[in-house]
Number of protein chains: 2
Amino acid sequence: MATGRTHRPATRSRGIPEATVARLPLYLRALTALSERSVPTVSSEELAAAAGVNSAKLRKDFSYLGSYGTRGVGYDVEYLVYQISRELGLTQDWPVVIVGIGNLGAALANYGGFASRGFRVAALIDADPAMAGKPVAGIPVQHTDELEKIITDNGVSIGVIATPAGAAQQVCDRLVAAGVTSILNFAPTVLTVPDGVDVRKVDLSIELQILAFHEQRKAGEEAAAHEGAVPAPAGRDDSTDQGPDGDVPAVMPA
Amino acid sequence: MATGRTHRPATRSRGIPEATVARLPLYLRALTALSERSVPTVSSEELAAAAGVNSAKLRKDFSYLGSYGTRGVGYDVEYLVYQISRELGLTQDWPVVIVGIGNLGAALANYGGFASRGFRVAALIDADPAMAGKPVAGIPVQHTDELEKIITDNGVSIGVIATPAGAAQQVCDRLVAAGVTSILNFAPTVLTVPDGVDVRKVDLSIELQILAFHEQRKAGEEAAAHEGAVPAPAGRDDSTDQGPDGDVPAVMPA
DNA sequence: ATGTCTTTGTGAACGCGTGCACAAAGATGG
DNA sequence: CCATCTTTGTGCACGCGTTCACAAAGACAT
């Protein structure tokens, strides 16, 4: 996963496990696709395949919501779409603000997945005065000075931070002070927030590093297998010989 | 978290738990910051605070890598930076390709966090012929026809998919067929890949939906607390009265 | 050299998440 | 109305991850 909650606040809620909540949007997407194809019912097996999960897990997940299936038949697609939407809170409108309209912020503003699930971009905010008034994705960018007013006027409770790392904590503090209680953070920083505020982070660099780890491991195992030797004790990949390990630190720029 | 592995292949590797691997980049970032401030050593307590985790967890994580600390003193910052970098495979160069140069793809190409950790953008690929040759982030966009050649010529093993959902699986198949074994997927789709290929996904819409769930829960609890009543048995939020629940499905567009 | 003090490294307990396997439920056909 | 067949819902066991709590290890002062 590319994300992780910070600290773990009141995670477990009304008996619905966090892991289940994280999968509900996946089910919802698969169900929406079925709904568009006018499929009336679906079995746990089929839906699980579409969502890429185990069918037993899917059934257990749904059991936390209630008994919405019919034995011998499956689940009613439309009904389940509604139930999951309601459980996730998508039957209401969620105004969000995006702070930091750089490349990423602009991409987020243009992202269709936001609007299509009840999320409405209420405002775009940037610290650069030159950006003010300039429309991005059809919405004029506003200056950071307006942040507090925008939050309160629109009743915004969800904020998206797409600023450079250096500005993220400060922006976060202002968002929280103004009333935001959920934050989606794209800046590569650990945000500190008071209790009761949820933070989820999306960190592109971390995702790539995790992939690199597994990639390196795969390369190491393959090399070992090719040489017909026992797996190297620590999985070193000395194919690019840089001398023995544990020598000069390879420090990275930023 | 915004990400989740698909299916769970050979997760556990050389005894390093997946959860630990996912945190190593976090530690690395904190350590790099300390290194830049020329801090020679750091205790597990300090570093844990900087990374936003529990100190016991951090020590246990490090114990999987080896005994790199000194009791009574802490960890040598430079040495630890090197050890984690090596464990993550960041001491070598990882050429990556980004497929789908829309708003998001362009943002990724410009993202500094890639280059700064040993990841090199080897090529940008898009299906739109009009994009071909156009430079994005200083790199000329190439057409999808060149995909296979680019992969093999550059020895690319990591691919980033930033295409629309409809094209993602097809692009994924071609990447895998050409030799890519790790994929970072930004398209809102479940990708199917053969064994031995790792997929991590970043789904902005899912992250927001998870936040909305907790946001709704918070709102519900607060309302219940204000009325001095027992918490509603199922946490319904009927403030926007739409009649009794379980009625008309509120289907979403896309 | 010896004692004290700090901090690591880890054994052990606990809780959550996952997956198996099956009984219960309902549909469907005779 | 009964038998059969499909599919759900869940009890149970297992394994991973987290956290506590403490012994061992080393630095440092005397």
Side-chain angles (χ1 to χ4, degrees), chain A residues 1 4-24 26-27 31 39-77 79-80 83-84 210, chain B residues 1 3-24 26-27 31 34 39-77 79-80 83-84 210:
Chain A
M1 318 209 156
R5 356 184 21 83
T6 309
H7 191 233
R8 185 162 291 257
T11 303
R12 263 319 251 288
S13 59
R14 191 87 70 273
I16 300 186
E18 184 65 18
T20 295
V21 173
R23 279 188 295 268
L24 289 182
L26 222 52
Y27 303 145
L31 285 165
V39 177
T41 61
V42 65
S43 71
S44 64
E45 204 72 47
E46 292 166 326
L47 185 55
V53 302
N54 185 299
S55 70
K57 195 189 302 189
L58 178 141
R59 287 198 300 275
K60 181 148 292 193
D61 283 342
F62 285 175
S63 78
Y64 292 115
L65 308 183
S67 285
Y68 293 152
T70 307
R71 300 179 188 222
V73 176
Y75 299 91
D76 182 280
V77 172
Y79 186 59
L80 203 47
Q83 290 298 343
I84 295 179
I210 296 172
Chain B
M1 308 209 167
T3 291
R5 358 184 17 85
T6 310
H7 191 233
R8 183 162 293 256
T11 304
R12 261 323 250 288
S13 57
R14 190 86 70 267
I16 300 187
E18 183 65 17
T20 295
V21 173
R23 279 188 295 268
L24 289 182
L26 222 51
Y27 302 146
L31 284 165
L34 291 173
V39 177
T41 61
V42 65
S43 71
S44 64
E45 204 72 48
E46 293 167 326
L47 185 55
V53 302
N54 185 299
S55 70
K57 195 188 301 189
L58 179 141
R59 286 198 300 275
K60 179 144 288 195
D61 283 342
F62 285 174
S63 76
Y64 292 115
L65 308 183
S67 286
Y68 293 151
T70 306
R71 300 181 188 221
V73 176
Y75 299 92
D76 182 281
V77 172
Y79 187 59
L80 204 46
Q83 289 299 342
I84 295 180
I210 296 173

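Chain A is the first sequence line, chain B the second, and so forth, proteins listed ahead of strands; every chain is numbered from 1.
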Polar atom pairs between nucleotides 3-7 of chain D and protein, under 3.5 Å, N or O only, would you list them?
from: D:dT7; atom 1: O4'; to: A:Gly72; atom 2: N; distance (Å): 3.0

Given D:dC20, C:dG19, C:dG9, the nucleotide with the shortest approach to the side chain of A:Asn54: C:dG19

The side chain of B:Pro17 is closest to which nucleotide in this list: D:dT10, D:dG17, C:dG17? D:dG17

Just how far, in rounded Å, is [atom2] of [N] from [atom1] of [X]?
{"X": "B:Lys57", "N": "D:dC20", "atom1": "NZ", "atom2": "C1'", "result": "14 Å"}
{"X": "B:Asp61", "N": "D:dT19", "atom1": "CG", "atom2": "P", "result": "11 Å"}
{"X": "A:Ile16", "N": "C:dC16", "atom1": "CD1", "atom2": "P", "result": "15 Å"}
{"X": "B:Glu45", "N": "D:dC20", "atom1": "CD", "atom2": "P", "result": "11 Å"}
{"X": "A:Glu18", "N": "D:dG17", "atom1": "CD", "atom2": "P", "result": "17 Å"}
{"X": "A:Asp76", "N": "C:dA27", "atom1": "CG", "atom2": "P", "result": "13 Å"}
{"X": "B:Leu58", "N": "D:dT18", "atom1": "CG", "atom2": "P", "result": "12 Å"}
{"X": "B:Tyr64", "N": "C:dT8", "atom1": "OH", "atom2": "P", "result": "17 Å"}

Would a 4.5 Å heavy-atom cut-off, applied to side chains only, mark [X] and [Y] as touching?
{"X": "A:Phe62", "Y": "A:Leu80", "answer": "yes"}
{"X": "B:Thr20", "Y": "B:Lys60", "answer": "no"}
{"X": "A:Leu24", "Y": "A:Leu65", "answer": "yes"}
{"X": "B:Tyr68", "Y": "B:Asp76", "answer": "no"}

Would you indicate, yes or no, if D:dC22 has its OP1 or OP2 atom less than 4.0 angstrom from a side-chain nitrogen or oxygen of B:Arg59? no

Please report, to 0.1 Å, the donor-acceptor pairs under 3.5 Å made by any side chain of residues 47-59 of chain B, with sequence neighbours excluded.
from: B:Asn54; atom 1: OD1; to: B:Ala56; atom 2: N; distance (Å): 2.7
from: B:Ser55; atom 1: OG; to: B:Glu45; atom 2: OE1; distance (Å): 3.4
from: B:Arg59; atom 1: NH1; to: B:Ser44; atom 2: OG; distance (Å): 3.0

Check A:Val42 against A:Leu31 and note the closest heavy-atom contact, atom names and distance. CG1-CD2, 4.1 Å

Examine the base of C:dG19 for any acceptor or donor lying under 3.5 Å from a partner atom in the side chain of A:Lys60, and report the outcome as yes or no.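 Check passes, donor-acceptor contact within cut-off.
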
Tell me, please, which residues at least two apart from B:Ser43 pass side-chain hydrogen bond (donor to acceptor under 3.5 Å, both in side chains).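 Applying side-chain hydrogen bond (donor to acceptor under 3.5 Å, both in side chains) to B:Ser43 gives B:Glu46.
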
